[in-house]
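For reference, the structure discussed in these notes is given below.
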Amino acid sequence: MKKKTLAQVTDFDLRLLRVFKTVSECGSFSAAESLLGITRSAISLHMSDLEKRLGMRLCQRGRAGFALTEEGREILRHSETMMAAVEDFRQQVNQMHQQLRGEFNIGIINNLVTQPRMRLTHALAALRESGAGIRINISMLTAADIERGLLEGRLHVGALPMAAPVSGLAYAQLYDEHAQLYCSHAHPLFNQAERPEHHALAACDAIAPLFRMPAEAIALHQQLNCSATASDREGIAFLILTGRYIGFLPDHYAAQWVEKKQMRALAPQQFHYHSQIALVTRQGPRHNAILQRFLQALALDEHGA
């Protein structure tokens with residue numbers, strides 16, 4: 001058979017080589033019929049096509065039986081190496097889908113770690129299990145900084161109070177928070193916290209948050225003597241614990257001091273409000289596979305809650 005150069009290996013060549021490998025393992029065309037699901041005449045045709053493509057005889061077949069030529073044994077060895085490489089490539093691609101790699105940047109307002117449902121924590125744990133190549137970067141930021149980071153593409157996702165949605169961002173409910181007005185054990189109203197005198201409550205120094213609040217919370221703060229400000233809930237807690245100020249805190253965050261009898265809710269029937277914590281992403285198509293995996297983990301946690 002005339003020797004010639006093989007210009008390229010096509011999908012058709014790979015199919016012919018698989019037929020050749022099966023026939024070689026079975027030892028005959030007839031034995032390979034059932035494994036390949038084609039007739040002996042079709043197998044013979046495929047073998048002839050392969051030999052023409054390669055420019056060499058691969059096997060002897062006839063009354064003397066089936067036998068590989070010296071060139072056939074070499075081609076079989078090389079084809080097995082190539083097919084192993086193709087299978088390794090397939091597995092590597094599948095592994096890349098299963099084990100994601102890259103940066104995941106999330107911005108969170110402070111003090112959400114004490115949320116009892118821990119949806120963010122569970123989703124981050126599931127994301128870490130998706131691949132050792134994922135690098136999670138958490139930034140504790142104000143709501144405005146989180147929204148700015150999302151719009152500029154520096155953050156992939158954020159968690160912040162749902163107040164005034166910003167154009168270009170998508171908001172979905174993450175947590176429901178209940179907040180009450182608290183004082184510390186060193187405050188004069190601590191022992192009459194359930195039913196303090198209205199004039200005494202109105203005369204107390206209170207803390208005005210500098211972050212966005214729902215309308216209900218704004219109305220309650222307007223009834224107080226706000227003589228101090230705080231940029232976040234931790235700052236509010238610092239001032240409450242001085243014993244000189246009263247202020248609103250989420251119940252899940254204040255619980256650590258309530259249990260130690262270092263804080264108590266004031267007039268709980270009147271001074272309380274609900275707010276929503278939202279999960280925020282940038283609007284539009286999501287091409288980030290790590291973000292998709294994180295959102296899937298959050299959805300599973302929601303259904304399992």
Answer yes or no: is there a side-chain heavy-atom contact under 4.5 Å between Met82 and Leu14? yes

Tightest non-hydrogen contact, residues Tyr182 and Ala254, listed as CZ-CB, 3.5 Å

Keeping the roles fixed (side chain from Ser79, backbone from Leu17), state whether a donor-acceptor pair exists under 3.5 Å. no

Treating Arg282 as the side-chain partner and Leu151 as the backbone partner, does any N or O pair qualify as donor plus acceptor under 3.5 Å? yes

Is there a donor-acceptor pair under 3.5 Å between the side chain of Gln283 and the backbone N or O of Leu169? yes

Would Ser130 and Arg293 count as having a side-chain donor-acceptor pair, cut-off 3.5 Å? yes

Does Glu194 CD have over 12 foreign heavy atoms under 6.0 Å away? no

State, with a plain yes or no, whether a side-chain heavy atom of Leu150 is found less than 4.5 Å away from one of Val166. no

Would Val113 and Leu174 show up in the same hydrophobic cluster when neighbours are defined by side-chain heavy atoms closer than 4.5 Å? no

In terms of heavy-atom contacts, does CD of Glu152 have more than 12 from other residues, nucleotides or ligands at under 6.0 Å? yes

Heavy-atom pair with the smallest gap, counting every atom of Ile109 and Ile146: N-CD1, 3.7 Å

Tell me whether Ile75 is reachable from Ile43 by hopping between hydrophobic residues (I, L, V, M, F, W, Y) whose side-chain heavy atoms are closer than 4.5 Å. yes

Surrounding CZ of Arg154 (heavy atoms of other residues, nucleotides or ligands, distance under 6.0 Å), is the total greater than 12? yes

Just say parallel, tilted or perpendicular for the rings of Phe190 and His185, cut-offs at 30° and 60°. perpendicular

What's the separation between atom CG in Leu50 and atom SG in Cys59, rounded to the nearest 0.5 Å? 9.0 Å

To the nearest 0.5 Å, how far apart are CG in Asn111 and CD in Gln256? 8.0 Å

Residue pair Leu76, Phe20: steps toward the side-chain contact (heavy atoms from CB on, under 4.5 Å) verdict: CA-CA 8 Å; Leu76 179 62; Phe20 172 52; 3.9 Å; yes

Is a donor on one side and an acceptor on the other found under 3.5 Å between the side chain of Glu33 and the backbone of Arg40? yes

Test of understanding: clusters of I, L, V, M, F, W, Y form through side-chain heavy atoms closer than 4.5 Å, transitively. Do Ile207 and Leu210 belong to the same one? no

Do Met83 and Val19 land in one hydrophobic cluster if side-chain heavy atoms of ILVMFWY residues count as linked below 4.5 Å? yes

Under a 4.5 Å cut-off applied to non-hydrogen side-chain atoms, are Met263 and Leu241 in contact? yes

Passes side-chain contact (heavy atoms from CB on, under 4.5 Å), Gln223 versus Gln270? Steps please. CA-CA 11 Å; Gln223 300 179 43; Gln270 179 184 358; 3.5 Å; yes

d(Asp49 CG, Leu54 CG) to nearest 0.5 Å is 11.0 Å

Apply salt bridge (charged side-chain N to carboxylate O under 4.0 Å, His left out) to Arg77 and Glu80, showing your working. CA-CA 5 Å; Arg77 182 170 63 84; Glu80 287 175 339; over 6 Å; no

How long is the span from the CD1 atom in Ile106 to the CZ atom in Phe294, to the nearest 0.5 Å? 4.0 Å

Interatomic distance, CE@Met213 vs CD1@Ile218, rounded to 0.5 Å, equals 5.0 Å

Check whether any side-chain heavy atom of Thr10 lies under 4.5 Å from a side-chain heavy atom of Asp13, and answer yes or no. yes

Can a donor-acceptor pair be found, under 3.5 Å and without considering hydrogens, that links the side chain of Glu177 to the backbone of Ser275? no

Are Leu181 and Leu220 close enough, and set up right, to give a side-chain contact (heavy atoms from CB on, under 4.5 Å), and what steps lead you there? CA-CA 9 Å; Leu181 182 63; Leu220 289 172; over 6 Å; no

Side chain proximity check, Leu141 to Leu160, heavy atoms < 4.5 angstrom: no

Inspect the surroundings of CZ in Arg73 and state if more than 12 heavy atoms from other residues, nucleotides or ligands are less than 6.0 Å away. yes

For Phe248 against Leu224, the heavy-atom pair lying closest together: CE1-CD1, 3.8 Å

Any chance CZ of Arg212 has more than 12 other-residue heavy atoms, nucleotides or ligands included, within less than 6.0 Å? yes

With a 4.5 Å cut-off on side-chain heavy atoms, are Ile134 and Arg101 touching? no

Compare every heavy atom of Arg117 with every heavy atom of His122, then report the nearest pair and how far apart it is. CE1-O, 3.5 Å

Looking only at heavy atoms, which two atoms of Phe271 and Leu201 are closest? And how far apart? CE1-CD2, 3.3 Å

May I ask you to test the Leu36-His46 pair for a side-chain heavy-atom distance under 4.5 Å? no

Ser231 versus Thr142: any side-chain heavy-atom pair under 4.5 Å? no

Say you draw a straight line from CD1 of Ile246 to NE2 of His187; how long is it, rounded to the nearest 0.5 Å? 6.0 Å

Check whether any side-chain N or O of Thr229 sits under 3.5 Å from a backbone N or O of Pro209 as a donor-acceptor pair, and report yes or no. no

Go through the steps for Asn225 and Asp205 under the test side-chain contact (heavy atoms from CB on, under 4.5 Å), then give the verdict. CA-CA 5 Å; Asn225 176 34; Asp205 288 320; 3.4 Å; yes

If two hydrophobic side chains count as joined below 4.5 Å and joins carry through other members, does Leu291 share a cluster with Leu155? yes

Scanning both residues in full, the closest heavy-atom pair of Arg119 with Leu298 reads NH2-O, 3.0 Å

